[in-house]
Amino acid sequence: MTYNPRVIEPKWQQYWLEHETFKAGIDRDRPKYYVLDMFPYPSGDGLHVGHPEGYTATDIVARYKRMRGFNVLHPMGWDAFGLPAEQYAVETGTHPRETTSRNIETFKRQIQSLGFSYDWSREIDTTDPGYVKWTQWIFQEIHKLGLAYEAEIPVNWCPALGTVLANEEVIDGKSERGGYPVIRVPLKQWMLKITAYAERLLADLDDLDWPEPIKKLQRDWIGRSEGAEIIFDVVGHDVTIDVFTTRHDTLFGATYMVLAPEHPFVDLVTSDEQRSVVEVYKAEAARKSELRRQAELDEKTGVPTGGFCINPATGENIPIWIADYVLAHYGTGAVMGVPAHDPRDYAFATQFGLPIVEVVSGGDVANEAFTGDGTAVNSGFMNGLSTPEAKKATADWLEQHGHGKAAVSFKMRDWLFSRQRYWGEPFPVIHVDGEAKLVPFDELPVLLPDLDNFAPSGDFTTPLERVPEWINTTDPETGRPAVRDKNTMPQWAGSCWYYLRFVDPNNQQVAWSQEAERYWMPVDLYVGGAEHATLHLLYARFWHKVLFDLGHVSTHEPFQRLINQGMVQGFSYRYYDDNVDDADGGEVRRFQAKHVQPTLEGAEVDGIPVKPRWLAMSEIARDSEGRAVHPDDHDILLEEVIEKMSKSRGNVINPDDVVAAYGADSLRLYEMFMGPLEKAAPWSTEGIAGVYRFLQKAWRLLIDDRAEQEPLKELAEDAGTPAQVRLTALTVKGVTEDIEALRFNTAISKLMIWVRDIAKEGTVPREHAETFLLLLAPLAPHIAEELWARLGHATTLAYEPWPQHDEAAVRAETATMVVQVNGKLRDTFEVAVDINEEEAIATAMSSEKVQSFLSGADPKRVIAKPPKFVNLVV
RNA sequence: GCGGGUGUAGCCGAACUGGUAUAGGCGCCAGAUUUAGGAUCUGGUGGGUUUUGCCCAUUGGGGGUUCGAGUCCCUCCACCCGCACCA
């Protein structure tokens, strides 16, 4: 028998489980290391090869850190509430609880088959009542701080999903999941005041060891800008309109005022003559989908209200308009129109004939808005000031005259925290006489009622409202009739704090003990996809800071170091056909990609609309030249596309198949060998054969697989030849450095070189073989354990000390010295590493080849860095 | 449109602070072994050439700094990812 992962992998997985090899507990004698994966949503499709990429990386680090003496916390769990299970319930009537537990079972089996060193005694399921209880408790804690409130606001309503979505879940006017259209309707919603933490969420990013692009994404999402709030008196009414602007220095150029159509004062300031047009415009704006709004960015629409306000700087009356280019939810929902110095205002003013007054010189406002810095003109007391000076002067003037003050505004909005869905955490809240009251702590968790129809109602009512016996309850305090909250929390709720539950997952009394939290937190390494840059990672940071303020956690930030693994992509094969309606039967014409023109709605060939089609790798045919072609029509060349794996593209690789064919160690190794962890790369079915061969070679290096009992090969009991000593020392040094830097691809290539070369000039010394197995263990743990055992060790190598190398052994005695003439390589020498400059130059000059390039002349200049190189310049 | 990232062989990729570009793997070619195929092992694999050798080119394109550039600077191009009227 040769290397057989199908036998040894289940054996060691069993061993680790039975011996609880990776169970972690508080141990103050060892430094702790908390390494965490973004836990998965257990979808019905099971794991695909993208999941294990990050999991393998964290597992390597976890195993490596254990061997370096760290007490490692490495847990796994399930983010199990969410839309897909509920959608499935809508379609099939299967209770999401059933779907969820089945999916979890599949995920767990698959993850365990890959040999990850999770402490399974800490497994978490966010839908478990024992977990929901504490999610609800945290909501109540947030509520007690006044950070949760209900508001009637226009929300993103998705008719197809029957729910509202957070702004972050709406992409290009369509739902992130499913791509259904989204419209805006006002509904009463729970909001979390994340904006109260904007300043800290921004500032504390500085100290995090996160990828800079992710930090920038969060900074931009938070969107802090400094400017001023300016108060405009409204003519004829006893109200003021506040605006936020970053260009308060242009106040003298504000020639009109624009309110968002949803602004609360619109009705008040509208004159009787204008009332009907304003009403029409408001209605249109409300109906407009996000998609259309964004498609029409260039054309500005709006109507005058007939009302006026007073520019506090000029004292002049300026007209008040409404226009949907002003966003209701940013700043104050009102903007002062300064056409000369803002391109949007310029377009608006030009279109509606509003006056354009230059107040900063430096541009040509007859042609376009000038947005740069310049010198204030037409600006009364500020004339002659530079733009920064003018801003300061305006802020001071506003404050002195009671017309406003310097102010800061954020792009980030409060977090819309309720969903009109079933499969989520119920709010631990009852409503008594229209007042929201928290459910007493000892009644937590508030569990979902059972349901047999999960379909969305389509009329803005929620699934929970259909269970009157659950909705209707009594206030335990007063005995008065009350109703439960009809909404559920969004999927983010459970993932906002799971990393805290992992430190003390079975605690019945508290969400986590202070002792466990102080010992384990923060997470030292967090690995997951970049798609969570602004959602999960911002929400979790927000909750963490709230919990910090309440004294429940001891760190400001939850995740000290973050790595984004790249996507594992797949090869897919594409062509087009003209069956755009997906009709059955009939004549269908196929086209290859090069004839297809992209259009606004899709694609076309010679004016005929066409639709892309994908073929799975297993379905394609090859023509005589080996090109991918359509199986039924070899004239249709298929376009090879590298893209995200998805069912619709037919390019999904199932890890079960890979494990069955090559084993978990090969899968792990290949995922890491594909390239840098952060970089996306396409899965190659051939590529995995290479790492499989490497493991086979490693096996045969130590095992005589031709002999009957597959005995251990003869190993040398001495220290090895100098070359072997150096090779092993170099490998220890290189692999250690690479793992520390998460460069697993180069670590693997160094191990490959070791296997290739160690037996070149003699028998493998036992000592070296053991060192190799320890280096291999984090990456390919099953084979390492098996060979370790066969070398005569009775217990797991999971806690063996990590190999050290001798610096002296790494140092070579000679080096290759390069001689260049005019920067071009002309000769090389083996020289002693301690050669001095003089000797190096003399050696270089002694070369006949070099002399021939010098053609007799003396070099004008000599640059020597012994023992690396000598460069002769003529 | 704005912001960020990436670009090295047929493919995935390596190259520490500027110092022999292309390590390692895949694929391909040849040889060995084998009844054959597969598997395995050995060697080769940028181009040219008069082939134990010699010469030349090359890191998306162009330009620059430097004795020397994949690496630094400018500029252009392609692809990917965010954001998108944020006043």
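Given the structure is predicted, the values throughout are model-derived calculations rather than measurements. Each chain gets a letter, A, B and so on, in the order its sequence line appears, and its residues count up from 1.
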Spacing of A/Q820 atom CD relative to B/C67 atom C1', expressed in whole Å: 8 Å
Could you check whether A/D738 and A/T746, counting side-chain N and O atoms only, form a donor-acceptor pair closer than 3.5 Å? yes
When you look at CD of A/E531, are more than 12 heavy atoms from neighbouring residues, nucleotides or ligands closer to it than 6.0 Å? yes
Contact class for A/R826 (heavy atom, under 4.0 Å): base, sugar-phosphate, or nothing? sugar-phosphate
Re B/U49: Watson-Crick or G-U wobble partner, both distances kept under 3.5 Å, found to be B/G53
Pair partner, B/C28 [Watson-Crick or wobble, under 3.5 Å]: B/G44
Under 4.0 Å, counting only non-hydrogen atoms across every strand here, what does A/N745 touch: a base, just sugar-phosphate, or nothing? sugar-phosphate
Is any side-chain nitrogen or oxygen of A/R861 closer than 4.0 Å to OP1 or OP2 of B/C67? yes
Looking only at atom C1', what distance separates B/C26 and B/C80, rounded to whole Å? 24 Å
Donor-acceptor side-chain pairing of A/Y325 and A/T301 below 3.5 angstrom: no
Atom CG of A/L776 and atom C1' of B/G24: how far apart are they, to the nearest Å? 15 Å
A/R693 side-chain N/O to B/G38 phosphate OP1/OP2 under 4.0 Å: no
Any strand counts, and the cut-off is 3.5 Å on both contacts for Watson-Crick or G-U wobble. Which nucleotide pairs with B/A84? none
Any N or O donor-acceptor pair linking the side chain of A/K300 to the base of B/C85 at under 3.5 Å? yes
With rounding to the closest Å, how many angstrom separate the C1' atoms on B/G24 and B/U8? 15 Å
Side-chain N or O of A/S225 versus OP1/OP2 of B/A87: is the shortest distance under 4.0 Å? yes
Does A/Q696 place a side-chain N or O at less than 4.0 Å from the phosphate oxygens OP1/OP2 of B/A39? no
Spacing of the C1' atoms in B/A78 and B/A39 (rounded, Å): 42 Å
For A/K215, report the nucleic acid contact type (base, sugar-phosphate, nothing); a contact means any heavy atom under 4.0 Å. nothing
Quickly work out the A/R756 CZ to B/G25 P distance and round it to whole Å. 7 Å
Please classify the nucleic acid contact of A/K679 as base, sugar-phosphate, or nothing, using heavy-atom distances under 4.0 Å. sugar-phosphate
Pick base, sugar-phosphate or nothing for A/P343, based on heavy-atom distances below 4.0 Å to the nucleic acid. nothing
Under-4.0 Å salt bridge between A/K282 and A/E262: no
Tell me whether the side-chain N/O atoms of A/Y330 come closer than 4.0 Å to OP1 or OP2 in B/A87. yes
Walk me through whether A/Y256 and A/F352 qualify under ring pair (Phe, Tyr, Trp, His ring centres under 6.0 Å). CA-CA 11 Å; A/Y256 63 99; A/F352 294 107; 9.1 Å; no
Using a 4.0 Å heavy-atom cut-off, does A/T746 contact any base of the nucleic acid, only the sugar-phosphate backbone, or nothing at all? sugar-phosphate
